[in-house]
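What follows is one structure encoded as structure tokens, with my remarks underneath.
These figures come from a predicted structure and were not determined experimentally. Every chain is numbered from 1 and lettered A, B, ... according to where its sequence line falls, protein lines coming before strand lines.
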Protein chains: 2
Amino acid sequence: MDDVARLANVSPKTVSRVFTQRDLVSAATVERVLAAAKRLKFRPNSVARNLRGGASSTVGLIIGEMLNPFYSRVATGLEKVLSEHGKTLIVATTDDTAEGEERVADTLLSQRVSALLMIPVGEDQSYLEGERQLGSPVIAIDRPARNLVADSVVMENRNGAFEATRSLMEHGHRKIAYICNPANVYTQVERLRGYREALAGTGKAAATPWERLIDDPAIDPVHVVSELLDIADPPTAIIAGNNRMCVGVLRALHGKDNPPALIGFDDFDTADILGVSVVSHDAMEMGRRAGELAMERIADPTGFTQQLVLPTRLILRGSGERPPLAS
Amino acid sequence: MDDVARLANVSPKTVSRVFTQRDLVSAATVERVLAAAKRLKFRPNSVARNLRGGASSTVGLIIGEMLNPFYSRVATGLEKVLSEHGKTLIVATTDDTAEGEERVADTLLSQRVSALLMIPVGEDQSYLEGERQLGSPVIAIDRPARNLVADSVVMENRNGAFEATRSLMEHGHRKIAYICNPANVYTQVERLRGYREALAGTGKAAATPWERLIDDPAIDPVHVVSELLDIADPPTAIIAGNNRMCVGVLRALHGKDNPPALIGFDDFDTADILGVSVVSHDAMEMGRRAGELAMERIADPTGFTQQLVLPTRLILRGSGERPPLAS
DNA sequence: TTGAAAGCGATACCAC
DNA sequence: GTGGTATCGCTTTCAA
């Protein structure tokens, strides 16, 4: 910057002004500075810029992995909002482990991100409490943070599952399975609850014999489904707890003669071609709203924390409307 | 840091040492400093840290959009390598426009990323030449950079298309279509060439009547396919130039009685269930190799630039082996 | 093994 | 409109 100032015959401060509050500088000076900057290939260093003010121009996002289209949709929505606000997105992945989460949170905070957005995977985010007090807002996406005051954006998990189950019941099903992996996360707990409530009707919601709550990513959905369909009183319909599980179930049912009905959670690219009914939601919108929440919180760290709940929508494409086998 | 130093009764420099070259400090001092740091919730500011040295701990990636699974696979592979090297990933998207590319490149360079990785979308990257000379290595992924010295990682586009075409020919096809959108990118030019060469046999490769090289993202693949199958001498097989187009073709063929054979470029999640033959490649590996190339170039900016070419693999799942209609 | 001083690239505050 | 000066949080000399 000093070089530019020298070449343009002004003070460094004026150069700085040209790149930040251009209207405070005379047109002639601006032109001279810009020319000098161009010649010297000068580009303001936004890192140094933010050294002073505290809040940087970056925002951190912690997700399980980028391969999962749900996560990448969230990232997309978020990135859109950020770029509108001149912020850039730092993405870090946890491989869906709690240790990974703490590790990358630490890294991102070292980078002084102006906000930390995350899809929590660990069971406890209290380790972030100090940071939050120090001024790094935390926004939880898809699942609320635990033991931490944080804004959050989630979806209507329970109601989505409730409606899916009810829809299957209206098509004559009564023996309905619920399969998911992982199971110990907020979204699945909620969805399971909605499923049970629908099945219970006015009675008391309780576990059913057709629930398969897996918690080991290594277990093959195909295997689980095969086993499930082989039990004495097999289900006539299946609800898959997330996109991954839904594809797994599809794979398991593939080629079967009289497949059970199927409704998946999360929409996916070829679901229309495959005729798969799903509980759909707008993951990009989640990212977008989370981004807006972050901008809000950066602007006013003292406001009330909010919990946004986004709707889900049942999309019927065929697989969810298959009647039960008349056995 | 000063506060920590005061509390631990040492100089700031010693605190710095504890967090960087711990072995140069006595064990007792280390402990005292760490305790003080913990009490004060001190976390080294890696932004300020890098203010001095030049190269920062971030690496920038410019991609078209995160929704495209190809891009996100590349990002995944890259992120893996970076986290092993203690670097974090800043992702910026261009919406697949050249202007977007320049804009976000500028932003990332302002952030002083230690390397700039990109899937070039514009037709000219010479605008980065200055930066490269100033010490920001540029790595092109999937497509070589134009008018710029840069390392790159690409795949065997031409050969992949060649083999797909040959495979269709071996199954009796002669009237083979090639559909893609966009068309004016390196990958498509190469694939088209492979397709033509295979069809030409020993003759001179030339355009065929079944090529549909679209360049408007708004045009619906379904429409293009319908039209293509309605011409006087319709193709009996189709090669789709990328994942998006492949799904589009699938959608168009869906429900048709005697669909043409189909081979797609890029594998996708449910391709096995849908029985779609594809030219597959390892996008994560591309990201990984690009990351390694970046680390290499950061360590030694003077080395020869490299061009890595990764193989493709034809996966036959049914759609590519349908024989031509005996019409 | 530890410390003092200068500086990285920019901005904020206060003069002129 | 423009220019000094201190400062942000840390690291790199060079000494002790």
Side-chain angles (χ1 to χ4, degrees), chain A residues 1-34 36-37 40-58 86 88 106-114 131 134-136, chain B residues 1-34 36-37 40-58 86 88 106-114 131 134-136:
Chain A
M1 201 167 91
D2 285 347
D3 297 338
V4 175
R6 214 169 301 126
L7 183 59
N9 251 320
V10 294
S11 80
K13 175 67 225 190
T14 300
V15 177
S16 165
R17 282 205 188 89
V18 169
F19 284 96
T20 47
Q21 327 167 58
R22 188 158 304 175
D23 38 319
L24 294 185
V25 183
S26 74
T29 314
V30 169
E31 202 164 330
R32 227 162 358 113
V33 170
L34 251 28
L40 264 40
K41 295 189 208 297
F42 168 80
R43 185 196 307 279
N45 181 334
S46 71
V47 171
R49 168 131 73 204
N50 294 134
L51 194 53
R52 203 90 210 278
S56 78
S57 62
T58 59
T88 59
D106 195 73
T107 308
L108 291 184
L109 289 167
S110 289
Q111 304 265 5
R112 294 299 188 269
V113 291
S114 58
E131 312 301 333
L134 258 53
S136 298
Chain B
M1 202 167 87
D2 285 346
D3 297 338
V4 176
R6 213 169 301 126
L7 184 59
N9 250 321
V10 294
S11 79
K13 174 66 224 186
T14 300
V15 178
S16 165
R17 282 206 187 89
V18 168
F19 283 96
T20 48
Q21 327 169 58
R22 187 160 303 177
D23 38 320
L24 294 184
V25 184
S26 75
T29 313
V30 169
E31 203 164 329
R32 228 163 358 115
V33 170
L34 250 29
L40 266 39
K41 294 190 209 295
F42 169 79
R43 184 196 307 279
N45 180 334
S46 70
V47 172
R49 167 132 71 208
N50 295 133
L51 195 52
R52 204 93 211 279
S56 77
S57 62
T58 57
T88 57
D106 195 73
T107 308
L108 292 183
L109 289 166
S110 289
Q111 304 265 7
R112 294 300 188 269
V113 292
S114 59
E131 312 302 332
L134 258 52
S136 297

Set out, in order, the CA-CA distance, both residues' side-chain angles and the distance that settles side-chain contact (heavy atoms from CB on, under 4.5 Å) for A:Ser56 and B:Val47, then state yes or no. CA-CA 9 Å; A:Ser56 78; B:Val47 172; 5.9 Å; no
Take atom CG of A:Asp23 and atom C1' of D:dT2, then tell me their distance rounded to the nearest Å. 15 Å
How does protein reach along nucleotides 5-11 of chain D, written 5' to 3' as B (base within reach of a heavy atom under 4.0 Å), S (only sugar-phosphate), or - (no contact)? --BBBSB
Are B:Phe19 and B:Leu34 close enough, and set up right, to give a side-chain contact (heavy atoms from CB on, under 4.5 Å), and what steps lead you there? CA-CA 9 Å; B:Phe19 283 96; B:Leu34 250 29; 4.2 Å; yes
Straight-line distance of B:Gln111 CD to B:Asn50 CG, nearest 0.5 Å: 12.0 Å
Tell me the interatomic distance from A:Gln21, atom CD, to C:dA10, atom P, rounded to whole angstroms. 15 Å
I'd like to know if the side chain of A:Ser46 and the backbone of B:Ser110 have a donor-acceptor N/O pair within less than 3.5 Å. yes
Select base, sugar-phosphate, or nothing to describe what A:Val10 touches, counting heavy atoms under 4.0 Å on all strands. sugar-phosphate
Rounded to whole angstrom units, what separation is found between the CG atom of A:Leu40 and the C1' atom of C:dG9? 15 Å
So does B:Ser26 get a side-chain nitrogen or oxygen closer than 4.0 Å to the phosphate oxygens (OP1/OP2) of C:dT1? no
Does B:Ser114 reach the main-chain N or O of B:Thr58 with its side chain, forming a donor-acceptor pair under 3.5 Å? yes
Looking only at side-chain N and O atoms, does B:Thr29 come under 4.0 Å of OP1 or OP2 in C:dT2? yes
